[in-house]
Amino acid sequence: QQQVRQSSQSLTVWEGETAILNCSYENSAFDYFPWYQQFPGEGPALLIAIRSVSDKKEDGRFTIFFNKREKNLSLHIKDSQPGDSATYFCAASPSGYNKLTFGKGTVLLVSP
Amino acid sequence: GPKVLQIPSHQIIDMGQMVTLNCDPVSNHLYFYWYKQILGQQMEFLVNFYNGKVMEKSKLFKDQFSVERPDGSYFTLKIQPTALEDSAVYFCASSLGQSAETLYFGSGTRLTVL
């Protein structure tokens with residue numbers, strides 16, 4: 001049973017488009033939702049995160065939209081660049097707790 | 001930014017042997033973690049460690065697994081004996097505080113058990 005589910009294994013967009021990566025979860029106790037970005041040969045690095053009290057978090061070209069009632073969230077990458085090509089992991093944890101539950105990841109390819 | 005180093009990046013061993021995976025966490029961090037990722041699957045929590053003790057472990061953390069950080073040196077994951085199903089990428093992470101917001105990951109050790 002997957003507690004955090006990412007709807008797409010892979011996604012291809014053209015340079016300049018907005019990439020949308022979707023994620024859903026099952027555990028109502030989840031309160032903190034980070035997105036991690038991972039390049040080949042490297043470890044995952046925190047990209048942007050949101051808490052369940054918010055419905056939107058923006059950081060430059062990256063925005064999380066969060067729907068608590070529907071238990072889903074999405075990561076929007078505006079003006080996608082080839083350098084954004086990576087694997088993106090959606091994760092979740094309960095408040096004040098340091099154990100993350102990860103999705104399987106979405107491989108994003110941005111074509112020039 | 002802060003770096004977590006994992007040594008080695010790849011390890012190949014025969015089933016039944018012992019293996020030790022090494023992690024050099026961020027220098028002032030207090031909490032340490034191991035995650036396991038089988039190819040094509042999600043990263044899964046194995047164990048977290050604080051103040052010389054295991055705080056929590058998952059059902060994936062079998063009796064053959066152990067962790068320690070002697071005298072503030074490497075944080076290690078030891079598997080003895082290894083089994084075929086232990087083949088995976090093992091990620092170490094560390095954090096300053098107890099909240100998940102401060103987790104920093106290493107680049108992983110790919111373990112192949114033959």
Side-chain angles (χ1 to χ4, degrees), chain A residues 1-10 21-27 29-54 57 59 64 66 73 86-107, chain B residues 1-10 21 23-26 29-51 53-61 88-110:
Chain A
Q1 182 191 5
Q2 257 188 281
Q3 290 208 46
V4 175
R5 188 166 289 146
Q6 293 183 245
S7 57
S8 302
Q9 268 192 312
S10 62
L21 290 75
N22 295 306
C23 178
S24 61
Y25 65 97
E26 296 181 4
N27 188 344
F30 287 152
D31 173 68
Y32 171 70
F33 301 87
W35 283 87
Y36 279 81
Q37 180 188 56
Q38 184 181 26
F39 295 105
E42 297 182 12
L46 178 64
L47 182 67
I48 184 173
I50 194 168
R51 290 208 168 272
S52 60
V53 293
S54 303
K57 176 78 176 288
D59 184 357
I64 299 174
F66 180 76
L73 60 156
T87 302
Y88 292 81
F89 292 97
C90 174
S93 81
S95 175
Y97 195 47
N98 58 12
K99 185 173 126 182
L100 287 171
T101 299
F102 282 87
K104 288 189 178 184
T106 297
V107 178
Chain B
K3 293 280 187 193
V4 174
L5 300 175
Q6 289 190 242
I7 304 161
S9 57
H10 290 87
L21 308 183
C23 172
D24 188 8
V26 178
H29 283 187
L30 302 173
Y31 295 82
F32 312 107
Y33 316 79
W34 285 102
Y35 281 77
K36 177 182 179 181
Q37 185 180 34
I38 294 173
L39 189 64
Q41 302 296 315
Q42 67 268 37
M43 265 193 299
E44 294 194 86
F45 171 83
L46 281 177
V47 65
N48 55 15
F49 188 86
Y50 168 73
N51 198 25
K53 296 181 196 143
V54 169
M55 291 169 53
E56 185 181 358
K57 55 187 180 182
S58 72
K59 61 181 187 301
L60 296 178
F61 194 80
V89 180
Y90 290 84
F91 290 96
C92 173
S94 69
S95 67
L96 181 60
Q98 199 169 357
S99 168
E101 344 186 333
T102 56
L103 246 66
Y104 290 87
F105 284 86
S107 56
T109 293
R110 180 175 299 280

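A, B, ... follow the sequence lines: proteins, then strands. Residue 1 opens every chain.
Neither the backbone nor the side chain of Gln6(B) comes within contact range of chain A; no heavy atom of the residue lies under 4.5 Å from a heavy atom of that chain. Residue Glu44(B) does not touch chain A at all, counting heavy-atom pairs closer than 4.5 Å. Within the 4.5 angstrom heavy-atom criterion, no atom of Gln6(A) approaches chain B. In this structure, chain A has a heavy atom under 4.5 Å from the side chain of Tyr35(B), while its backbone stays farther away.
Surrounding CD of Gln41(B) are more than 12 heavy atoms belonging to other residues, nucleotides or ligands, all under 6.0 Å away.
The nearest pair of heavy atoms linking Gln37(B) to Phe89(A) is NE2-CZ, 3.6 Å. Here the closest heavy-atom approach between residue Met43(B) and residue Pro44(A) is recorded as CE-CG, 3.6 Å.
The distance from the CG atom of Leu46(A) to the CZ atom of Phe105(B) is 9.5 Å, given to the nearest 0.5 Å. To the nearest 0.5 Å, atom CD of residue Gln3(A) and atom CD of residue Gln42(B) are 10.0 Å apart.
Within the 4.5 Å cutoff, no side-chain heavy atoms of Tyr33(B) are placed close to those of Leu100(A).
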